[in-house]
Every structure is written in C-alpha cells, then in structure tokens.
Amino acid sequence: MNRVFSGIQPSGVPTLGNYLGAIRNWVPLQHTAECLFCIVDMHAITQRQDPRELLANTREMAASLLACGLSPDRCVLFVQSHVAAHAQLAWVFNCIARLGWLNRMTQFKDKAGKDREAASTGLYVYPNLMAADILVYHATQVPVGDDQRQHLELANDIAEKFNHDYGVDFFPHVEPLIQGVAARVMSLRDGTRKMSKSDPSDQSRINLNDDSDTIANKIKRATTDADLLPDNLAALEGRAEARNLVGILAAVTGSTPEAVLAAHAGKGFGAFKPMLTDALVAHLGPIRAGMLRLLEDAPALDTALRLGAEKAEAMAEPILKRAYEIVGFLARR
Ligand code: AQP
C-alpha cells in the first residue's frame, strides 16, 4: 500500500484554497492508502506567529481537518512539533541540500518579499524540513496544491543525493498528487495572487469558519469585471478574477469550468455571484458547524493529536535510526 504524507500550516484558519487544493483531496485517500496528515507548526514559525494565536490556530486546524472528514481511525493526524524525528532528519538534509537549490525556490522569493536579508533562515531551509517530513516516513505520495510542486522536486533531489553520496538505496522517490479542478484558488481581490490564510486582507479569502453572511459579503465584494460570461474557457483568457470564480463554482458543485460556462454563458456577475454564494454556503455550512462542535471539547482534540503523534513517532523512529547509521552517527547505547 502506498504511504501518503501531507501537511498544512496552522498559520491561520484554513481557507477555501487549502480546502479545495488540499484537504478535500485527503479525505478519500484515507480509504485507499496509509495516510499521515500533519499540522506543520514548525513550518508556520518560519514567519512571525503570535504564540497565543499559533496555539489557537493549531487546535482550530485540527478541528477543521476532522470536520472536513479526516478520521483518526483511518489516518494518522498529528502536530509536527510533537514528533522530534522531523527536525532531526531535517538537520541531516540541511547538510545534503545545496545553497544553489534553495536559491531557486520561488516560495522563498514570494514570502521573503523585497527584503530578503530580513527573512528567517528557517524560511530559507523550509524545503529541507518539508523533505524530512515526507521522507522520515518513506512516504511516496504527497497530495499538495500546484504551488508545492517545486518543493517536491527538491525533496527528490535531496533523496537522490543522500542515496548517491552514501551509496545506498534508502530514500524513495516521491510523487505529487495534484487533483481537482480548482488545484489553485486565487485571491478574491486579485486573481493573479493565490488565496492565502496569511494574506493581510480577510476580504481576499473565504475562511472555513466564515458564516453565511460573511461569505455573501466577501463574494459580493470580490473583484470582477463588467463583461458577461462567455460560453468557453478560452474566452476567459486575461480575466483572472472571472476564471477564478468560475473555477470555484465548478469545484464546490462537483462540476467543471466548461460545464459552468455552458450553463451560465451570457450572465453578468450580478447574477453569477448570488449563485456562487449559495453553493459555497451549502458546501461549507456543515463543515463550519462541525468545527464549532469539535472546538467545544479542547481536551478531546488534544488527546486525538497525542494518539496521532504516538503512531507517527513509532513509524518514523526506525527510519531515522537507519538514516543516522548510514550517515555514521554513533548509536547511543
Ligand atoms: N490558494 C490555494 N489553492 C490551492 N491550494 C492551496 N494550498 C494553499 N493555498 C492554496 C494548499 O494547501 C496546502 C497547505 O498549505 P500550507 O498551509 O502548508 O501552506 P501554503 O501553501 O503557504 O498555504 P497558505 O494558505 O498560503 O498559507 P500561508 O498564508 O501561511 O502561506 C498545500 O498543499 C497547498 O498547496
């Protein structure tokens, strides 16, 4: 059976982008593969996090993943900082990855912005920790949004260099699983930027805990153009915001952008937006209700995360031990 690993940062409340690009695709995988899903708090602190908010966001993330349909009986759901093996293998990978490889990572460039000198070194070596997250379980399949493709290529470069340098065939090749018609959901304010939970503008995203009025308001204010919807996708070229809203409606109604256009060609956004709002409210309402219910019992959430961490630890431990032996670290006896 394939082993699947994926992570999500508790850097805010999960967005519709996280949901359609990642979480929603995780749910069916629990039934066909051995799955580990990780709340990657160590990745989150590569950018400044208020400690109280990080703590609250971590529980909120656990509640939303469970409300979206992950089951602790079917997958291993845990918090990254609870399993030390991630950081331990990441150090080894810091010594394998080359500076030139990291210099090419577009996420670092995006997140560091203009003042690269002021970015944390953690943000720079983030892809090495991500490689360790996956490879410490010998996971081979990684469901991610389109934006994470480059980091997975780097994980393979690290695995290959480790195997080559030490003359072993130890770390496996990892494959991205990029699924869904809305693999990349864009900001509601700017169709050229991806929807992000840490975007300073709350209006740029739908959060999984937004109530129906908030969703309606955000969709109403979403940037669009004055043109009518065409009857084919090619005609949406150059209309990033329109393309994004069409993609979102397709994703939440289990349709395709082509079918959405076929059904709504000739309509303006004044007519399209209320339909999109209704579809989003119908889809996200039960998830929000589930999250709120789960958050009422924080000790139960913490227990579920502890049990998940214990399972993950047991899976990682022999792989880390063998990696240390390969490197030549003296075993503690
Ligand atoms: N807009 C998006 N469309 C599709 N997929 C997305 N993902 C994130 N944004 C979109 C996917 O969600 C998973 C978890 O992402 P993450 O939390 O680890 O980090 P991220 O990609 O940096 O997500 P955010 O929301 O943009 O977080 P911040 O704002 O903290 O940087 C990944 O599989 C990602 O592809």
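This chain uses plain numbering: 1 for the first residue, then up along the sequence. When reading the values below, keep in mind they use all heavy atoms of this one structure, side chains included, and skip hydrogens, waters and symmetry mates. Ligands are counted one by one from 1 in listed order, and the atoms in each one are counted from 1 as well.
In this structure, D199 does not pair ionically with R189, as no charged nitrogen and carboxylate oxygen lie closer than 4.0 Å. Remark: R288 does not engage D210 in a salt bridge, criterion side-chain N to carboxylate O under 4.0 Å.
Within the 4.0 Å heavy-atom cutoff, M186 does not count among the residues contacting ligand 1. Note on ligand 1: I8 sits in its first shell, one or more heavy atoms being nearer than 4.0 Å.
Below 3.5 Å of separation, one finds an N or O of M195 facing an N or O of ligand 1. Between Q9 and ligand 1, at least one N/O pair is under 3.5 Å apart.
When the shell of 6.0 Å around CG of D169 is examined, it contains 12 or fewer heavy atoms from other residues, nucleotides or ligands.
Remark: side-chain polar atoms of R98 are paired, donor with acceptor, to backbone N or O of I96 under 3.5 angstrom. Under a 3.5 Å cut-off, the side chain of N2 and the backbone N or O of E34 do not form any donor-acceptor pair.
Under 4.0 Å from ligand 1, heavy atoms of S196 appear from its side chain as well as its backbone.
Residue contact check: K111 has heavy atoms under 4.0 Å from atoms 22 (O), 28 (P), 31 (O) of ligand 1. Contact atoms of ligand 1 toward S11: 27 (O), 28 (P), 30 (O) (distance under 4.0 Å to a heavy atom of the residue). Of all the atoms in ligand 1, the ones that sit under 4.0 Å from a non-hydrogen atom of V185 are 1 (N), 2 (C), 3 (N), 4 (C). Below 4.0 Å from some heavy atom of S198 lie the following atoms of ligand 1, by number and element: 28 (P), 29 (O), 30 (O), 31 (O). Counting atoms of ligand 1 from 1 in the listed order, those under 4.0 Å from a heavy atom of A22 are 12 (O), 13 (C), 33 (O). The G21 neighbourhood of ligand 1 comprises atoms 4 (C), 5 (N), with distances under 4.0 Å to a heavy atom of that residue. When each atom of ligand 1 is checked for a heavy atom of Q148 under 4.0 Å away, the hits are 21 (O), 35 (O).
Residue pairs meeting the side chain to side chain donor-acceptor pair (under 3.5 Å) criterion with at least one member in residues 305-321, sequence neighbours excluded: R306-E310.
Aromatic ring orientation, H86 versus F5: tilted (interplanar angle from 30° to 60°). Between F37 and W26, the ring planes lie parallel to each other; the angle is under 30°, not in the 30° to 60° tilted range. The aromatic rings of F272 and H264 stand perpendicular to each other, their planes meeting at an angle above 60°, with 30° marking the opposite boundary.
Within the set K197, R184, Q47, R205, the minimum heavy-atom distance to atom 17 (O) of ligand 1 is found for K197.
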